[in-house]
Number of protein chains: 2
Amino acid sequence: MTTPAAARRARQLEERRSQIVGAARALAETEGWDAVTTRRLADAIEYSQPVLYGHFPQGRTEIVTAVALEGFEELASALAPSSDVPAASDVERVRALVTAYLDFAERHPATYDAMFLLPVLVPFASDETPAIVRAGFEAIADTLRRLDDPPADVPTTAEVFWGAVHGIVALRRAGRFPAVHQEERIETLVRLVVR
Amino acid sequence: MTTPAAARRARQLEERRSQIVGAARALAETEGWDAVTTRRLADAIEYSQPVLYGHFPQGRTEIVTAVALEGFEELASALAPSSDVPAASDVERVRALVTAYLDFAERHPATYDAMFLLPVLVPFASDETPAIVRAGFEAIADTLRRLDDPPADVPTTAEVFWGAVHGIVALRRAGRFPAVHQEERIETLVRLVVR
DNA sequence: GCCAGACTCTAGCACTGCTAGACAATCGCT
DNA sequence: AGCGATTGTCTAGCAGTGCTAGAGTCTGGC
């Protein structure tokens with residue numbers, strides 16, 4: 001019994017939901033997550049604050065979560081191509097993977113923070129972990145599996161490798177690393193995994 | 001012209017300063033940094049809020065910074081022993097380093113956050129970087145230099161290695177890693193660096 | 001014992017996330 | 001077409017945050 005009016009309303013609701021997520025992400029990328037307040041989000045969508053809670057009953061955290069999930073989707077598609085370039089060598093494939101990851105983190109720093117730093121309502125490392133979130137991990141594991149001399153324990157190696165790349169992003173972003181020498185770091189990391 | 005009274009006052013001031021830092025750290029470790037509010041800190045030292053700003057003009061961030069600096073001191077002494085166990089093998093020394101680092105992070109999670117996650121008033125990767133902050137990095141670099149087959153570019157390798165260990169801490173702490181398999185991760189990481 | 005200066009507190013500002021309750025627009029029905 | 005109930009939205013406000021101006025008290029050196 002979905003009347004046309006109800007269908008239109010549902011569409012408008014979905015529209016506005018993605019407006020909220022879009023505004024949150026844009027605001028976070030331009031001014032940082034501290035600037036993403038419920039009042040500014042309400043201003044951005046030209047509604048009052050309580051409207052936000054109609055879409056996201058868990059409040060601000062749930063909005064951050066929505067941005068994070070968008071990010072996981074984009075990261076997965078950014079990493080996917082790296083694993084199946086048939087003509088490439090091991091080193092080239094791993095380098096492509098690392099570069100794609102670091103590029104994503106650098107291009108969308110706030111989104112990356114939502115994915116890996118901020119408190120978020122996604123169950124990680126659990127049975128209910130969304131498939132999209134796993135996809136990035138799988139891309140890393142796949143690349144490792146295709147090495148000429150693959151590691152004995154691929155999942156653990158993938159975790160450690162992922163940690164290493166994330167560590168570079170995190171320490172770099174927090175200013176703990178100098179801005180220069182990023183290429184050397186990439187090359188060093190690649191050579192740790194494949195040789 | 002320091003009168004006895006002035007000397008006593010200076011001592012009391014120093015005393016109270018470390019009370020503030022101690023209270024901040026204890027509160028952060030037991031209830032998380034969100035619980036470290038200026039009001040609760042004022043309660044802890046039994047003074048009113050403005051007193052905090054007498055000691056730390058830059059406010060809360062400066063207090064977090066003080067905790068971070070304490071942490072860097074402790075991390076440096078935790079890592080120092082690993083590099084100069086003379087009878088040990090490469091693998092043993094690197095494993096000792098990684099284990100000491102991970103132990104520190106696990107025992108003082110909030111302090112670790114202050115050091116590597118939270119915004120802080122320490123200039124990293126600069127000429128004014130405090131010596132204590134550099135010390136941890138030097139411990140890692142030293143261990144690498146003593147390998148039977150040391151890497152060509154020790155500083156860069158130290159950065160990447162540090163990033164890898166930090167990545168494991170960060171992803172584990174944020175719940176992005178499963179709680180188990182930590183030993184396997186350590187062993188995998190050690191074997192990436194020395195073989 | 002007095003008085004300047006150091007010290008501390010109260011009270012308040014502007015902001016945060018979030019929500020109860022009043023109000024208005026809209027929809028489905030007769 | 002117009003009624004009634006539902007849905008949607010807003011205003012106003014709560015309790016909390018970091019931080020600070022200004023009033024008041026206490027203390028040390030003369």
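Lettering follows sequence order; numbering is per chain, from 1.
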Starting the side chain at C-beta, find the nucleotide from dT8(C), dT16(C), dT11(D) nearest to P50(A).
dT11(D)
When you check the phosphate oxygens OP1 and OP2 of dT9(D), does a side-chain N or O of R16(A) lie under 4.0 Å from one of them?
yes
Kindly say if T38(B) contacts the phosphate of dC19(D), meaning a side-chain N or O under 4.0 Å from OP1 or OP2.
no
Rounded to the Å, how far apart are Q58(B) CD and dT20(D) C1'?
15 Å
What contact category does Y47(A) fall into here, base, sugar-phosphate, or nothing, at under 4.0 angstrom with non-hydrogen atoms?
sugar-phosphate
Please report the distance, rounded to the nearest Å, between CG in D43(B) and C1' in dC9(C).
14 Å
If you count heavy atoms of other groups shown closer than 6.0 angstrom to CD of Q12(A), is the number above 12?
yes
Taken to the nearest whole Å, CZ/R60(A) to C1'/dT17(D) is 14 Å
So, OP1 or OP2 of dT16(C): does either fall under 4.0 Å of a side-chain N or O from T37(A)?
yes
How many whole angstroms separate atom OH of Y53(B) from atom C1' of dT8(C)?
15 Å
In whole angstrom, what separates L41(B)'s CG from dG18(D)'s C1'?
12 Å
Base dG18(D) paired with R39(B) side chain (donor-acceptor, <3.5 Å)
yes
Upstream residue (5' side of DNA chain C) when Q49(A) and Q49(B) are each assigned their closest nucleotide:
Q49(B)
Starting at atom CD1 of I63(A), determine the distance to atom C1' of dC18(C), rounded to an integer number of angstrom.
12 Å
With under 30° as parallel and over 60° as perpendicular, where do the rings of Y101(A) and F116(A) fit, or are they tilted in between?
tilted
Check against side-chain contact (heavy atoms from CB on, under 4.5 Å), F104(A) and L79(A)
CA-CA 9 Å; F104(A) 175 85; L79(A) 297 186; over 6 Å; no
For the CD atom on E106(A), are there more than 12 heavy atoms of other groups (residues, nucleotides or ligands in this structure) within a distance under 6.0 Å?
no
Salt bridge flag under 4.0 Å for residues R40(A) and D43(A)
no
Interatomic distance, E15(A) CD vs dG8(D) P [rounded to whole Å]:
16 Å
E31(A) has an atom CD; how far is it from atom P of dT16(C), in whole Å?
12 Å
Can you identify which nucleotide, out of dT8(C), dC10(D), dC18(C), has its nearest atom closest to the S48(B) side chain?
dT8(C)
